Student: 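Starting off with a structure, shown below.
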2 protein chains.
Amino acid sequence: MKKGLTPICHRFFTNLSNPTRLAALEQLMNKPMSVTELAKALGQEQSMISHNLKPLIECNFIFGQKQGKRHVYSVNQETVNMLFKTVENHAAKFCPSGGKCLKGGN
Amino acid sequence: MKKGLTPICHRFFTNLSNPTRLAALEQLMNKPMSVTELAKALGQEQSMISHNLKPLIECNFIFGQKQGKRHVYSVNQETVNMLFKTVENHAAKFCPSGGKCLKGGN
DNA sequence: ACTTTATATGAAATATAATTCATATGAATA
DNA sequence: TATTCATATGAATTATATTTCATATAAAGT
């Protein structure tokens, strides 16, 4: 790790350390969606989705595109795919019991 | 992303969303160290390092080895290297201004 | 056995982040 | 231009995480 990357890493991972944002990313991996569509898919309030999308946009984990009054968001495949692959690999190799490191719930 | 990975991702990234833990990982990338050595290197209290190392150990981001009364910790290179590479790549490509996504401090 | 050194733990205090609710902005349409 | 639909924002509340301080455990050395 290059020196001085710690603050960027912190922002980066803090962004991802939230179940709503992760669920949103998961949805957007399938297909681009609007805020309202995401809210419906995740069973959450519109304002909550909007609040949570904001940091994802700011750090370019997702990209937004205006379509009239809708805002359609798509995932940054390059980064997010790599991250999820890394998590899957880690879970497979280093969390043998699957839920071992999840005691106490998510 | 496989379905149902969200809770694991959450734990995974929450673990990394802390400057003390990131700084500890950064140190351990150079060489394995004991708790006291880390505390000295990072200018932090021993108990704080110990508290922060715990979740890293539980999720196997680092591995511990007893050497007498010292506990020497080494980093899980496979996972942590991949993560830091991903952050570097993302920062290079998607944070062109360097600190753009850091306004407001770390 | 006593003292020192290394580490871990518990619990209170503090700091940070997430959620909710009310409301604002802005684009489309009647 | 009034109304509806889509999204964003502010601020208060609530929830979570971090830090600190005191203390416990445990290995080594005297």
Side-chain angles (χ1 to χ4, degrees), chain A residues 6-7 9-28 32-59 61-74 101-106, chain B residues 6-25 27-28 32-59 61-74 101-106:
Chain A
T6 296
C9 284
H10 183 214
R11 175 87 185 260
F12 187 99
F13 292 123
T14 298
N15 218 317
L16 298 167
S17 70
N18 175 293
T20 302
R21 288 195 287 278
L22 288 168
L25 289 175
E26 193 174 4
Q27 285 294 323
L28 297 178
M33 289 171 101
S34 73
V35 177
T36 302
E37 287 169 331
L38 270 173
K40 211 167 290 174
L42 300 177
Q44 311 250 209
E45 302 249 330
Q46 173 272 321
S47 73
M48 184 172 152
I49 300 300
S50 193
H51 274 300
N52 275 291
L53 254 36
K54 195 178 183 181
L56 293 175
I57 297 160
E58 284 175 355
C59 284
F61 284 108
I62 62 176
F63 307 115
Q65 202 203 344
K66 279 202 178 185
Q67 287 186 2
K69 60 185 168 184
R70 298 173 70 229
H71 286 199
V72 178
Y73 293 98
S74 57
C101 52
L102 286 172
K103 55 182 178 296
N106 107 335
Chain B
T6 295
I8 291 173
C9 283
H10 182 214
R11 175 87 185 260
F12 186 97
F13 292 122
T14 298
N15 218 316
L16 297 166
S17 69
N18 176 294
T20 302
R21 288 195 289 277
L22 287 167
L25 289 175
Q27 285 295 322
L28 296 179
M33 289 173 103
S34 72
V35 177
T36 302
E37 286 168 332
L38 271 172
K40 211 167 290 177
L42 300 177
Q44 311 250 210
E45 300 250 328
Q46 172 271 322
S47 73
M48 185 173 151
I49 300 301
S50 194
H51 274 300
N52 275 292
L53 254 36
K54 196 178 182 181
L56 293 175
I57 297 159
E58 283 175 357
C59 284
F61 285 107
I62 62 175
F63 306 115
Q65 204 203 342
K66 279 204 178 185
Q67 286 186 3
K69 61 185 167 182
R70 297 174 70 229
H71 286 200
V72 177
Y73 293 98
S74 56
C101 53
L102 287 172
K103 55 182 179 291
N106 107 341

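Just so it is clear, the structure is predicted and the values come from calculations on it, not from any experiment. In what follows, chains carry the letters A, B, and so on, assigned in the order in which the sequence lines appear, proteins first and then strands, with residues in each chain numbered from 1.
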Student: Assign each of A:V72 and A:H51 to its nearest nucleotide of DNA chain D by heavy atoms, then name whichever residue's nucleotide is nearer the 5' end.
Tutor: A:V72

Student: Would a 4.5 Å heavy-atom cut-off, applied to side chains only, mark B:L28 and B:L56 as touching?
Tutor: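 Side-chain contact under 4.5 Å: no.
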
Student: With heavy atoms under 4.0 Å as the rule, sort A:K66 into base, sugar-phosphate or nothing.
Tutor: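 Here A:K66 touches no strand at all.
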
Student: Using whole Å, what does the distance between atom C1' of nucleotide D:dT16 and atom CZ of A:R21 come to?
Tutor: 13 Å

Student: Measure from NZ on B:K54 to P on D:dT20 and round the result to the nearest Å.
Tutor: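 These atoms are roughly 18 Å apart.
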
Student: Picking from C:dT7, C:dA6, D:dC5, which would you name as closest to the side chain of B:K69?
Tutor: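 Of C:dT7, C:dA6, D:dC5, C:dA6 is nearest to the side chain of B:K69.
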
Student: Pick the nucleotide of DNA chain C nearest each of B:M48 and A:T14; which residue has the one closer to the 5' end?
Tutor: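 Between the two, 5'-proximity favours B:M48.
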
Student: To the nearest 0.5 Å, how far apart are CG in A:N52 and OG1 in A:T20?
Tutor: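 A:N52 CG to A:T20 OG1: 5.0 Å, rounded to 0.5 Å.
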
Student: For A:F61 together with A:F12, are the ring centres under 6.0 Å from each other?
Tutor: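 Centroid separation for A:F12 and A:F61: below 6.0 Å.
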
Student: When we call it a touch if two heavy atoms are under 4.0 Å apart, what does A:S50 touch: a base, just sugar-phosphate, or nothing?
Tutor: base

Student: Check the phosphate of D:dA8 against A:Y73, side-chain N and O only, distance under 4.0 Å to OP1 or OP2. Yes or no?
Tutor: yes

Student: Does any part of the side chain of B:Q27, heavy atoms only, come nearer than 4.5 Å to the side chain of B:E37, both counted from C-beta?
Tutor: no

Student: Between the base of C:dC21 and the side chain of A:S47, is there a donor and acceptor pair under 3.5 angstrom?
Tutor: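 Donor-acceptor pair under 3.5 Å: yes.
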
Student: I'd like to know if B:Q46 reaches the base of C:dA8 with its side chain such that a donor and an acceptor end up less than 3.5 angstrom apart.
Tutor: yes

Student: Answer yes or no: does a side-chain N or O of B:N52 lie under 4.0 Å from OP1 or OP2 of D:dT18?
Tutor: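 No, because none of the side-chain N or O atoms of B:N52 sits under 4.0 Å from OP1 or OP2 of D:dT18.
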
Student: Check whether any side-chain N or O of B:N18 sits under 4.0 Å from OP1 or OP2 of D:dA17, and answer yes or no.
Tutor: no

Student: Round to a whole Å and report the spacing from NE2 of A:H10 to C1' of C:dA15.
Tutor: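 Between C1' of C:dA15 and NE2 of A:H10: 12 Å.
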
Student: Please work out if B:T20 contacts a base, only the sugar-phosphate, or nothing of the nucleic acid, heavy-atom cut-off 4.0 Å.
Tutor: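 Touches sugar-phosphate only.
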
